[in-house]
Amino acid sequence: MAKKLMTQLNNQTLASLNGKLPIPAYRLGEQKPQIGIVHLGPGAFFRGHQAWYTEQALQFGGDWAISAVSMRSPDVSQALMPQDGLYTLAVLDAVQSYQVIGAVQEVLIASEQYPQVLSRLTAASTKYVTMTITEKGYCLNGSGKLDLSHSQIQQDLTGNSQPTTAIGLLFTALAARYQANIAPFCVISCDNLTDNGHKLRKALIAFAEQKDPVIANWLRQQLISPCTMVDSITPATDDAIKAQVADVLGVTDNWPIKREAFVQWVIEDVLPADRPAWQQAGVIYAQDVTAFEKAKLRLLNAPHSTLAYVGCLLGYETVFDAMQDKPLTEFIQQMLKNEIMPSFNAPAELDVKQYSEDILARFRNPAIRHLLAQIAWDGSQKLPMRILPAISDNLAAGKPIDKLAFAIAAWCRFIVKRFNDSEKLVDPLAEPLLAVAAQCSGKADTDVALFLAVDAVFPAELSLNKTFFSAVHAAYQQLVSEPSTALASFAGVA
Ligand code: CS2
């Protein structure tokens, strides 16, 4: 007998889910919230984090629906537009729960729907532009400034064609608002970048300086760009969660999202009063976000990247699998206690030891299948945010760096393995990194020198630092022979 086709999640089927799980009731009423937020980069993290916070905030009213914009990829738009932007958030943790999110009203593709995107960004009703465009999306150089030699920035500066970078797109919209005498929207970076809001602001002003100093001045006076710290482990969606959600809802969802229960958003307290009720949704406003950012990048993202490279070398697939490896978790705990925690001053209100233990417990969440290979993406962008600053601070203070250097050596060996196995390296610098790997012989002297010469990743003060070189060299040498014994000896559990 033919299998009965399941209906799909959309505005028509939404009412039928009432009572089964939380749904956006405001979608059923006459008065639907208008769009007040544009989000660049509609990836899983955004849909599990900012969109969830805005969903909670919409319960308190206001025109804060979201127009999500993908710079190039049509995937999310093709999946969600037939569902009127609706999707399911599955929270997988000790307790599992499901919720239909309605905050995303549309998903546009900038490369194909540029006029619609620009009209959203230039509408006076659009007050906020949030973004998750990954570290590389900001086109910054090694010192965190806008890279004016970046090929796409160069192209966007010519203005002959529609902008292909987020910076170029935002400038074009802001310039149009200036011409129309409309105040700039607030821009909110939600990426794992140190000093993210300040870097974004400076990048936009630097771009404007090249295009029109009058607008650069206007932005200097009026552009609000808070720093933020964002946190929630949100792996990529897989077929298993699609099937699980269809089971629970009884309708299909093209692209549900899964994440852990833990979710945190700290925003620098500089937003205008006219804002979504994010505070009621649990957002923390802080005078200074830097310490929160540092704590999260060093206590969560640094061990995450270390687990990714060492775990992949040891043949593990997920974070949960890697966290079952005793020498590896022992190594991570020692790296945290002896090198990372002493490398920075945490926010006074943060119990660092407890926060770190909670993070390792989150890594042990059996319900979250988080691929190490996904975390391993974009190492050239992530390590300068997560691990190299701790190394620089410890070197300056004469504190140990051996385990942090081991993580760097593991990243180098991970690239060599990708090259040897002819496997794809997902990284904006994949080409130069694989070219280095092609020259590697397994001899630490030459291999480490080749990797540290990649100045887009390793600034001179590090690559020329003897202590750093010999620490990476020692770890690399051991990893070449046998990763598991190398780890055991570095974790002192030989
Ligand atoms: C992860 C982050 O993929 C990665 O690089 O380390 O996405 C991490 O899961 C989030 O920052 C957690 O908030």
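Hydrogens, waters and symmetry mates are skipped; everything else that's a heavy atom, side chains included, is used. Heads up: numbering here begins at 1 and tracks the sequence. Indexing begins at 1, ligand by ligand and atom by atom, following the structure's order.
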Problem set entry | Residues forming a side chain to side chain contact (heavy atoms under 4.5 Å, CB included) with A407, sequence neighbours excluded | T306, I387
Exercise. Mind checking what makes ring-ring contact (aromatic ring centres under 6.0 Å, His included) contact with F414, not counting sequence neighbours?
Worked result: Y309
Exercise. Would you say the side-chain atoms of T164 and Q152 include a donor-acceptor pair closer than 3.5 Å?
Worked result: yes
Exercise. Under 4.0 Å between a Lys/Arg side-chain N and an Asp/Glu carboxylate O for K136 and D378?
Worked result: yes
Problem set entry | Aromatic W64 / basic R275 pairing, under 6.0 angstrom, 45° off normal | no
Exercise. Can you pull the ring pair (Phe, Tyr, Trp, His ring centres under 6.0 Å) pairs that have at least one residue in residues 329-364, sequence neighbours excluded?
Worked result: H304-F363, F331-F406
Enumerate, one pair per line, all nitrogen or oxygen atoms of ligand 1 lying under 3.5 Å from a protein nitrogen or oxygen, stating the separation to 0.1 Å; write 'none' if no such pair exists.
from, atom 1, to, atom 2, distance (Å)
ligand 1, 3 (O), K382, NZ, 3.4
ligand 1, 5 (O), K382, NZ, 2.8
ligand 1, 5 (O), R386, NH1, 3.0
ligand 1, 5 (O), R386, NH2, 2.8
ligand 1, 6 (O), N301, ND2, 3.2
ligand 1, 6 (O), H304, ND1, 2.7
ligand 1, 6 (O), R386, NH1, 3.1
ligand 1, 11 (O), N192, ND2, 3.0
ligand 1, 11 (O), K296, NZ, 2.6
ligand 1, 11 (O), N301, ND2, 3.0
ligand 1, 13 (O), D231, OD1, 2.6
ligand 1, 13 (O), S232, N, 2.9
ligand 1, 13 (O), K296, NZ, 3.2

